[in-house]
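Have a look at the structure below, then the notes.
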2 protein chains.
Amino acid sequence: MNPDQSFKDVFLPVQGGRASEDIALKLEAAILDGRLNPGERLPSEREMQVQFGTGRGVVREAIQVLKQKGLLEVRKGAKGGAYVRRLNVANVSESLALFLKQHPVGREQLIEFRESMDQTITLLAIARATPDEKAHLLAEALRFEALLREPKPDLAISGELDRQLNIMLARMARNSLFEWVMQALQLGFSSHDHALYEDPRYRDRAAANWRDTARAIADNEPLRALSYIGRHYGLLRQCVAQMQDSAADQEMPLFSDTSRLF
Amino acid sequence: MNPDQSFKDVFLPVQGGRASEDIALKLEAAILDGRLNPGERLPSEREMQVQFGTGRGVVREAIQVLKQKGLLEVRKGAKGGAYVRRLNVANVSESLALFLKQHPVGREQLIEFRESMDQTITLLAIARATPDEKAHLLAEALRFEALLREPKPDLAISGELDRQLNIMLARMARNSLFEWVMQALQLGFSSHDHALYEDPRYRDRAAANWRDTARAIADNEPLRALSYIGRHYGLLRQCVAQMQDSAADQEMPLFSDTSRLF
DNA sequence: ACGCACAATATGGTAGTACCAATGAATCCC
DNA sequence: GGGATTCATTGGTACTACCATATTGTGCGT
């Protein structure tokens, strides 16, 4: 098949009703099956307008949709235009976070889910990760612990490090799905863990627990590791329950006036 | 990240660069915090065009984005317009499926992930589901088995029933996250299970195994249930491996997982 | 020849208008 | 009173013009 021909096939006039959707679907299909690769640049809007035989508006709307999906990146100015982009988990996380905002899930459900994932991840990591990786995880856990023992630890940095530890562990499980799901959950809901390290009463215990977990993994002790995982989530449950109690009087104001929006 | 939430600002024209994004963010925020509820209708495009002080194009683009996100549903004609919609898992599944199309994950990784989820789900379901639910699951599993024992079973119906069984089981775990994640995975990747029921050599065994699993759950026998779960995925692994052998000439690279390290 | 300011150009972003298409409601005719 | 017709509302599309911005080229001055 002539690559030029297949490339030009993407930009054919649409006949159906919803022109912008058709164009978006054509472009998406072209990207997904490799006729358009990440980094490549689509023709300019005015050019596509001609090649699709439509107005510029529908081309723009199609580009908007694909941009929102994370498939395109649009730049202004000369040599600008729509560039094919490689998807990353952030798009899935965003979609998931949006969904969970309309379908609020209980804290306990979220903790429970993550706990079960972490258990599996830990077992897989012990079985599959290299000794170097395990040593590195332990070293990072120790660094994390030392950082949290500072008199005034930087919570932003420590939160990021905690996130990194989780991702590192998930990666050691040698199954991208665990890594991605954990990442997606964390991107939208790191607030709970944040609380754990904010409170000085839990901070040290949580950090020490991370260290023990990493050591158990490095020592190839699955049951001990699982025990520490359970302890981590036990602390988390205790912490969020306590925060909920102490902040019981703080009431969120209700927004019920739709008239002010327009 | 921090849009100005002063309520009066929504009346004013946008001054920054991306007007359509601003409008989309405003509307999304209004939907998420309840100022616009599912079923409600937004003003017409021409009306919003005036109220936002912009052209109609940017309003349309904003609506397109929110429609793509699943937050709006647009109808034509009189009494048409943009209606606020309640999100469902399908949007997350779609996003996940799109991501996985650009980051192909190995069959084994997918099976492994689902197996670990199913194990947890099964344990939770045994502990939490009512006897009625367990009896119902068993009844459906028996119906499923009977259907697959027909001389020429309808694979479309049986596939749907298998999906229903999985969702039912996930629901019995009393944690929506498991249900949603399983649903999201199934919506995009039911092809593997389909293969299991296509091959007559595996069909009967897989169906009988579903029945045994359901019975073990109904009998509150967690270890036996886990054993059957393992057997199910063992069959699935064997089946897809066999199909891969028989179609060895058709090679598809499953590992493009060469993501860079940070 | 070099470098910096300035102009030209390409391209997305926005505004505005006009018209088409579909849909539901009001109206009219039998 | 009921069915067909007309009408108004509203999204869908086309076209044009202009603005904002970023890259590229050009020319002037040193």
Side-chain angles (χ1 to χ4, degrees), chain A residues 10-28 31 36 39-85 261-262, chain B residues 3 9-28 31 36 39-85:
Chain A
V10 178
F11 305 98
L12 285 180
V14 293
Q15 41 260 15
R18 286 157 276 280
S20 72
E21 283 187 23
D22 276 356
I23 294 180
L25 287 178
K26 276 190 206 298
L27 292 178
E28 179 176 333
I31 292 173
L36 291 170
E40 278 188 51
R41 177 181 168 275
L42 270 58
S44 72
E45 294 176 354
R46 290 170 176 85
E47 202 170 337
M48 282 196 274
Q49 165 187 5
V50 175
Q51 283 169 323
F52 281 118
T54 69
R56 198 176 151 205
V58 300
V59 175
R60 282 188 59 80
E61 286 178 13
I63 291 178
Q64 273 286 337
V65 169
L66 296 183
K67 174 184 162 194
Q68 202 286 322
K69 283 192 181 185
L71 287 170
L72 291 181
E73 174 195 357
V74 179
R75 291 198 285 265
K76 285 206 302 190
K79 204 229 157 202
Y83 287 79
V84 179
R85 197 167 157 274
L261 183 69
F262 300 105
Chain B
D9 282 350
V10 293
F11 288 100
L12 300 177
V14 284
Q15 39 256 18
R18 290 161 274 281
S20 71
E21 283 186 21
D22 276 355
I23 295 181
L25 286 177
K26 278 189 205 300
L27 292 177
E28 180 177 333
I31 293 173
L36 290 170
E40 278 188 53
R41 176 181 170 276
L42 270 59
S44 73
E45 295 177 354
R46 290 170 178 84
E47 203 170 336
M48 284 197 272
Q49 166 188 3
V50 175
Q51 285 164 326
F52 280 117
T54 70
R56 198 178 152 204
V58 301
V59 175
R60 283 188 58 80
E61 286 177 14
I63 291 178
Q64 273 286 333
V65 168
L66 296 183
K67 174 183 160 194
Q68 202 286 320
K69 283 192 181 184
L71 287 170
L72 291 180
E73 174 195 356
V74 180
R75 291 198 285 266
K76 285 208 303 189
K79 208 227 154 202
Y83 288 79
V84 179
R85 198 165 154 274

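To find a chain, count down the sequence lines: A is the first, B the second, and so on, and within it residues start at 1.
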Please round to the nearest 0.5 Å and tell me the distance separating atom [atom1] of [X] and atom [atom2] of [Y].
X: Ile23(B); Y: Thr54(B); atom1: CD1; atom2: OG1; result: 4.0 Å
X: Glu47(A); Y: Phe52(A); atom1: CD; atom2: CZ; result: 11.0 Å
X: Leu72(B); Y: Leu36(B); atom1: CG; atom2: CG; result: 9.0 Å
X: Ile31(B); Y: Arg85(B); atom1: CD1; atom2: CZ; result: 11.0 Å

Bending between helix ends of the helix from dA1(C)-dT30(D) to dC30(C)-dG1(D) [5 pairs per end, 10° resolution] |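 For the helix from dA1(C)-dT30(D) to dC30(C)-dG1(D), the axes at either end differ by 20°.
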Name all residues meeting the salt bridge (charged side-chain N to carboxylate O under 4.0 Å, His left out) criterion together with [X]; count only those two or more places apart in sequence or in a different chain, and write none if there are none.
X: Glu73(B); value: Arg75(B)
X: Glu21(B); value: Lys67(A), Arg18(B)
X: Lys69(B); value: Glu94(A), Glu28(B)

Side-chain (Arg41(A)) to main-chain (Gly80(A)) donor-acceptor, under 3.5 angstrom |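 Looks like yes, one N/O pair under 3.5 Å.
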Sidechain-backbone polar pair: Arg56(A) side chain, Arg46(A) backbone, donor-acceptor under 3.5 Å =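 Side chain of Arg56(A) to backbone of Arg46(A): no pair is present.
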Review item, side-chain donor-acceptor pairs of residues 59-66 of chain B, under 3.5 Å, at least two apart:
from	atom 1	to	atom 2	distance (Å)
Arg60(B)	NE	Glu61(A)	OE2	2.8
Arg60(B)	NH1	Glu45(B)	OE1	3.3
Arg60(B)	NH1	Glu45(B)	OE2	3.0
Arg60(B)	NH2	Glu61(A)	OE1	3.4
Arg60(B)	NH2	Glu61(A)	OE2	3.3
Glu61(B)	OE1	Arg60(A)	NH2	3.4
Glu61(B)	OE2	Arg60(A)	NE	2.8
Glu61(B)	OE2	Arg60(A)	NH2	3.4

Given protein heavy atoms under 4.0 Å, the one-letter contact record of nucleotides 5-10 of chain D, with B base, S sugar-phosphate only and - none, is simply ----BB
Residue-level proximity of residues 58-65 of chain A to DNA chain C when a heavy atom falls under 4.0 Å |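 Those residues whose heavy atoms fall under 4.0 Å from DNA chain C, taken from residues 58-65 of chain A in numerical order, are Arg60(A).
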Interatomic distance, [X] [atom1] vs [N] [atom2] [rounded to whole Å]:
X: Met48(A); N: dA10(C); atom1: CE; atom2: C1'; result: 14 Å
X: Gln49(B); N: dT14(C); atom1: CD; atom2: C1'; result: 11 Å
X: Arg56(A); N: dT16(D); atom1: CZ; atom2: P; result: 12 Å
X: Phe52(A); N: dA14(D); atom1: CZ; atom2: C1'; result: 16 Å
X: Arg18(A); N: dA22(C); atom1: CZ; atom2: C1'; result: 11 Å

